[in-house]
Amino acid sequence: VVIDDMRLPAGGDEQKKRYTKRLKSVLEKFDAKKALIVDAGNEEVKLAARNLATVKYLELPGVNVYDLLKYQKLFVSKQALESLQERLSS
């Protein structure tokens, strides 16, 4: 699944507690029991994903074939996908 913008809304401490809940809700809408999320420097999603046992967050340099095959769904930002295509084509 390619996502234009993977940012979660910024806010105070109370909002940060909801990042995991919001990410989980989004993944459930896509029926993603095991998901790999690829983005570039998205701290909010990274922190939310580490709280979910069946979700893994990777930055571009960490993308590998093993993880791409291991997870049921792949969520990638448009910017990360373009960078990944460029990296693979050279």
Side-chain angles (χ1 to χ4, degrees):
V1 177
V2 179
I3 300 174
D4 282 333
D5 187 5
M6 229 182 271
R7 284 183 286 160
L8 296 173
D13 289 337
E14 186 63 31
Q15 184 67 31
K16 288 181 182 180
K17 292 177 185 177
R18 296 183 188 157
Y19 285 154
T20 302
K21 185 182 272 189
R22 296 195 73 210
L23 180 60
K24 184 177 180 180
S25 173
V26 169
L27 296 175
E28 286 173 350
K29 288 179 183 177
F30 285 96
D31 194 32
K33 293 175 178 60
K34 289 179 74 175
L36 176 63
I37 299 172
V38 178
D39 199 7
N42 191 327
E43 197 64 28
E44 292 86 14
V45 175
K46 181 179 180 179
L47 294 174
R50 75 177 183 184
N51 293 325
L52 300 172
T54 60
V55 178
K56 184 172 185 176
Y57 175 90
L58 288 176
E59 302 228 355
L60 283 172
V63 175
N64 61 76
V65 174
Y66 176 77
D67 284 323
L68 291 173
L69 295 175
K70 180 180 175 184
Y71 289 88
Q72 175 191 25
K73 299 271 184 176
L74 169 65
F75 293 87
V76 60
S77 68
K78 188 175 180 180
Q79 176 188 1
L81 181 61
E82 290 169 357
S83 296
L84 187 59
Q85 286 174 329
E86 189 176 301
R87 184 173 122 189
L88 293 174
S89 67
S90 57

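- Clustering ILVMFWY residues whenever any of their side-chain heavy atoms sit less than 4.5 angstrom apart, transitively, puts Leu68 in the very cluster that holds Val2.
- Linking Ile, Leu, Val, Met, Phe, Trp and Tyr residues whenever their side-chain heavy atoms come within less than 4.5 Å places Ile37 and Phe30 in a single cluster.
- Closest heavy-atom contact between Leu58 and Gly62: CD1-O, 3.6 Å.
- Closest heavy-atom contact between Ala49 and Tyr57: CB-CB, 3.9 Å.
- In terms of modelled atom types and a separation under 3.5 Å, the side chain of Asp39 and the main chain of Asn42 share no donor-acceptor contact.
- Separating the CD atom in Gln79 from the CG atom in Leu60 is a distance of 8.0 Å, to the nearest 0.5 Å.
- Cluster annotation: Ile3 and Leu23 are assigned to the same hydrophobic cluster (Ile/Leu/Val/Met/Phe/Trp/Tyr, side-chain heavy-atom contacts under 4.5 Å, transitive).
- Of all heavy-atom pairs spanning Lys78 and Asp4, the tightest one is CD-OD1, 3.6 Å.
- Residues Leu27 and Phe75 approach most closely at CD2-CE1, 3.4 Å, considering heavy atoms.
- There is no path of hydrophobic side-chain contacts, each under 4.5 Å, that joins Val45 to Val38.
- By the criterion of side-chain heavy atoms lying less than 4.5 angstrom apart, applied directly or through intervening Ile, Leu, Val, Met, Phe, Trp or Tyr residues, Tyr71 is not grouped with Val65; the two fall into different hydrophobic clusters.
- Here the side chains of Asp31 and Lys33 are in contact, with some heavy-atom distance below 4.5 Å.
- Using a 4.5 Å heavy-atom cutoff, the side chains of Lys70 and Leu36 are not in contact.
- Annotation for Lys73: atom NZ counts as buried by contact number, over 12 foreign heavy atoms lying within 6.0 Å.
- Each salt bridge (charged side-chain N to carboxylate O under 4.0 Å, His left out) pair with one or both residues in residues 52-69, not counting sequence neighbours, appears once here: Lys56-Asp67.
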